[in-house]
Structures are given as C-alpha cells and as structure tokens.
**Q** 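Please see the structure below; I have some questions.
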Amino acid sequence: VKGGFYAVDAATGALKFQYPSVTPHASFESSALIAGGAVYVGVTDLNEDNNGCISADQLVALSPTSPTIVNGLTITPSGSTGASVWSSPMIDPNGYAFIATGNTCTGPSLEVADAILKVGPATMKINWDQQGPPDGHDLDYGATPVYVSGMVVDGSKDGNVYAYVTTTGLQMWKTNAGIASGSVIGSPATDGSHIFVPYYVAGAGGAIVALNLDGSVAWTLPTARDESGIGVLSAPAVSQGMIFVGYTEAGCTTGPCNGISALDANTGQVLWRYKTTHSIYAGPAIVDGGLFVGEFDGTSVYCFTPNGV
C-alpha cells in the first residue's frame, strides 16, 4: 500500500495494526527509529516529478502500541511542498534527533531543504538547521546521518560529506573525498576513528572511502558499476575492526563480480569476499554474531557466522 506503515508481530509475522495515512502524497523509504517510547520515521514524497509531494509532517512520531500518530514535525510553510525525509532519523547521546532532508517541490527555496536539522524529539522543535547543497532538484540528503566525536556527519547526492558540531550546528568541514562526479546515497558508518562512506558515480561505479575525523581521506577502495550501471548503495556495517559492505568488484573479468566483502577498517584491505549473482544494495545487519544481508534478486538472504557456526 502506497504510504502504508505497519506494526508486525516479530515472532509470528502477524499484522498487529496499520497506522493511519500521515498526509496526502506520503510514502516511506527508510527504517523507523524507536526512542523514548515512540517510533520515529521520516516521510517522503510519493512522486516528486508529478507534484506528488507532501506539504506537512516530514517527520512523525508514532505510538508503538496502537495505530496512533503522537506528534509530527512540519518544516514547509504554507504554499510549499517537499523537503521530505528519505532516510532514518539519528539520535545522539544527548537524546536529540538529527534528520536529513530533500529538496522542495513547489514554492520558494527553503533553508531547511537539502539540510541537516537538529530536533528535540519530544517537542518536535528545530534547534538548528544547516543546509548542505543548495535547495535544488535531486540534490537530496538520502543517507542517514551518523554521530561521532561530537559531530553529526552525512553525505549528500552532491557528492560532498558534511560534518557539523552537534551542539551549535557549526560546520567543521566538507569534502568530496577525491571522488569526482560522485554521489552519496547509502548511509555512512563509523567505528569512532573513521567515517566509512559508500560512493556512487553514475555510469562509472564508485568507491568505498574511509575518512579520518578531520575529513581527510584514510583510504579508498574503487568499485565497478554493476549490470544496471549502479555503484555502491550498500550502507556499511562495522564490527570488531572490520566493515562489511556490498559492491561490484573493480577489475573483475570473470563473474560473478557482485558480492559482499569484509574490509579491514584501518587499511581497506579485503579480508574475505562472497560473490553473488545479483547486486547487494542493502546494508548488512549484524545480530548475535551473525551477518545478514539480502541480494537484489527478490529471494536470497544470506547469513554469515564466524567459522560457519
């Protein structure tokens, strides 16, 4: 159902309830975040190219126990639409939510579009907002922000990674990480010492880049484009000095060239690689020592465990 959001029993898969429609032209493209007794989820435009854009409630808080919308944040003034939230919110150690927005659809350009916003989740009040790329078509933030060392960091479709002080919104740095004509769609990750960014370069492939906390490049692993011409969309997962990410292998001449790899977080060295017929666009999940990831064929989900146990 377009614009549908559901609560499902984790043990049985049975539908518990469906939340009511949030706003006309609403859709959901990201995972929910549960914090402080509420379920927070960003709301996106159903069809931006045909004026199917939202005019309110870009971020909503839902009840975890009943089909109730508890609160909402509207960032577009009357007469404007868009500035939707395509990625998941992030909560920092002080309990503030950070959301990344897309461009406006109709109305004047807005400073809160294509921007990072610091929000009090209980009050749904904006503490500060900082625009990354200018409010332009498809320059959205499509990735979830990450917290590290007092900064909120995120990558945008303009190819830059932006870092802001969480308390004040002061920009610490921005960088394209040396990737020409790049775009960041998959969410970054951190081990506390580096920020790992998946880059997509249209028609050419992309790269996985590790940034130091000052924005300088620690290492880069170039990747190839897949059979659909797409670069890295997979959001890295981090554990025990390794990052796990799906990509198409550069220089591969004998297929399959798609797959998932474990990389050394400090050097980018490939520690192991499992090849798949189809691309891996999803971000891996680490649960109880197991690594879970889905292949873009509609049916295959893999679980990797230490020593195969």
Side-chain angles (χ1 to χ4, degrees), residues 1-8 15-34 38-64 66-90 97-119 121 123-126 129-145 154-158 183-187 200 233 235 281-282:
V1 177
K2 293 180 179 179
F5 199 82
Y6 304 88
V8 177
L15 177 67
K16 303 284 285 187
F17 47 80
Q18 178 182 348
Y19 290 97
S21 178
V22 176
T23 187
H25 308 299
S27 183
F28 299 99
E29 299 285 344
S30 63
S31 302
L33 172 70
I34 300 175
V39 180
Y40 295 93
V41 63
V43 184
T44 65
D45 305 314
L46 186 60
N47 192 330
E48 186 175 294
D49 293 328
N50 291 313
N51 294 323
C53 297
I54 59 176
S55 59
D57 288 331
Q58 281 81 5
L59 175 70
V60 292
L62 309 172
S63 167
S66 65
T68 305
I69 299 173
V70 178
N71 206 346
L73 170 65
T74 296
I75 62 176
T76 44
S78 177
S80 294
T81 63
S84 55
V85 179
W86 296 85
S87 58
S88 301
M90 179 272 289
F98 293 83
I99 60 173
T101 64
N103 57 265
T104 55
C105 292
T106 60
S109 297
L110 300 174
E111 291 185 358
V112 292
D114 292 342
I116 302 292
L117 280 59
K118 179 181 180 180
V119 178
T123 62
M124 287 292 193
K125 300 295 184 183
I126 298 174
D129 59 87
Q130 285 285 6
Q131 191 170 69
D135 181 9
H137 179 66
D138 211 26
L139 290 179
D140 312 338
Y141 279 104
T144 297
D154 204 5
S156 171
K157 288 183 182 178
D158 73 344
S183 183
V184 180
I185 300 175
S187 300
Y200 169 20
L233 298 181
Y281 296 146

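Numbers here simply count residues along the sequence, with the first being 1.
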**Q** Could you give the distance from OH (Y141) to CD1 (I185), rounded to the nearest 0.5 Å?
**A**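 One finds 14.5 Å between OH of Y141 and CD1 of I185.
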
**Q** So which atom in A115 and which in L117 form the shortest heavy-atom distance, rounded to 0.1 Å?
**A**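 It is CB-CD1, 3.8 Å.
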
**Q** Going by side chain to side chain donor-acceptor pair (under 3.5 Å), name the residues that satisfy it together with S63, two or more places apart in sequence or in a different chain.
**A**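 Side chain to side chain donor-acceptor pair (under 3.5 Å) check on S63 returns T65, S66.
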
**Q** Under a 3.5 Å distance rule, please check whether E29 uses its side chain to pair with a backbone N or O of D45 as donor and acceptor.
**A**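 No; zero donor-acceptor contacts below 3.5 Å.
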
**Q** Taking the side chain as every heavy atom from C-beta outward, state whether L233 and Y200 have any pair of such atoms under 4.5 Å apart.
**A**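 In short, these two side chains touch, coming nearer than 4.5 Å.
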
**Q** Output, in order, the C-alpha distance, side-chain angles, deciding distance and verdict of side-chain contact (heavy atoms from CB on, under 4.5 Å) for F5 and V41.
**A** CA-CA 10 Å; F5 199 82; V41 63; 3.7 Å; yes

**Q** Rounded to the nearest 0.5 Å, what separation is found between the OG1 atom of T23 and the NE2 atom of H25?
**A**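 Reported value, rounded in 0.5 Å steps: 8.0 Å.
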
**Q** Taking all heavy atoms of P67 and all of P20, pick out the closest pair and write down the distance.
**A**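 Smallest heavy-atom distance, with atoms named: O-CD, 3.4 Å.
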
**Q** Go through V70 and L62 one step at a time and tell me if the side-chain contact (heavy atoms from CB on, under 4.5 Å) criterion holds.
**A** CA-CA 5 Å; V70 178; L62 309 172; 5.9 Å; no

**Q** Any luck finding a side-chain donor-acceptor pair between T76 and S55 under 3.5 Å?
**A**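 Side chains of T76 and S55: no pair found under 3.5 Å.
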
**Q** For residues T44 and S84, report the shortest heavy-atom separation together with the two atoms involved.
**A**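 Here T44 and S84 meet closest at CA-CB, 3.5 Å.
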
**Q** What is the minimum heavy-atom distance between S31 and P89, and which atoms define it?
**A**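 For S31 and P89, the tightest heavy-atom pair comes out as O-CD, 4.4 Å.
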
**Q** Given side chains that start at C-beta, do those of S156 and D114 come closer than 4.5 Å, heavy atoms only?
**A**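 Sidechains of D114 and S156: no contact.
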
**Q** Within the 4.5 Å heavy-atom criterion, are V43 and V60 side-chain neighbours or not?
**A**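 Sidechains of V60 and V43: in contact.
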
**Q** Knowing that exactly one of N103, T104, T101 qualifies, which makes a side-chain hydrogen bond (donor to acceptor under 3.5 Å, both in side chains) with D135?
**A**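 By the side-chain hydrogen bond (donor to acceptor under 3.5 Å, both in side chains) criterion, D135 pairs with just one of N103, T104, T101: T104.
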
**Q** Let me confirm one number: the OH-CE distance from Y40 to M90, rounded to the nearest 0.5 Å.
**A**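 One gets 14.5 Å once the value is rounded to the nearest 0.5 Å.
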
**Q** Can you measure from CH2 (W86) to NZ (K157) and round to the nearest 0.5 angstrom?
**A**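 Nearest 0.5 Å value for the CH2-NZ distance: 7.0 Å.
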
**Q** Could you point out which residue of D129, V112, D57 forms a side-chain contact (heavy atoms from CB on, under 4.5 Å) with I75?
**A**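 Checked D129, V112, D57 against I75; only one passes side-chain contact (heavy atoms from CB on, under 4.5 Å): V112.
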
**Q** Ignoring hydrogens, what is the shortest heavy-atom contact between G42 and F28? Give both atom names and the distance.
**A**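 Minimum heavy-atom separation between G42 and F28: O-CD2, 3.5 Å.
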
**Q** Check E48 against C105 and note the closest heavy-atom contact, atom names and distance.
**A**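 Scanning both residues completely, I find the closest heavy atoms to be CG-SG, 3.5 Å.
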
**Q** Would you check if P64 and I34 make a side-chain contact, meaning some heavy-atom pair closer than 4.5 Å?
**A**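 Heavy-atom side-chain distance check fails, nothing below 4.5 Å.
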
**Q** Quick check for you: to the nearest 0.5 Å, what is the distance between I99 atom CD1 and S87 atom OG?
**A**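 It is 8.5 Å, given to the nearest 0.5 Å.
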
**Q** Rounded to the nearest 0.5 Å, what separation is found between the OG1 atom of T123 and the CG atom of N71?
**A**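 Rounded to the nearest 0.5 Å, the OG1-CG separation comes to 8.0 Å.
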
**Q** Distance-only, no hydrogens or angles: does the T81 side chain make a donor-acceptor pair with backbone N or O of T106 under 3.5 Å?
**A**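 Indeed, once roles are kept as given, a pair shorter than 3.5 Å links the two residues.
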
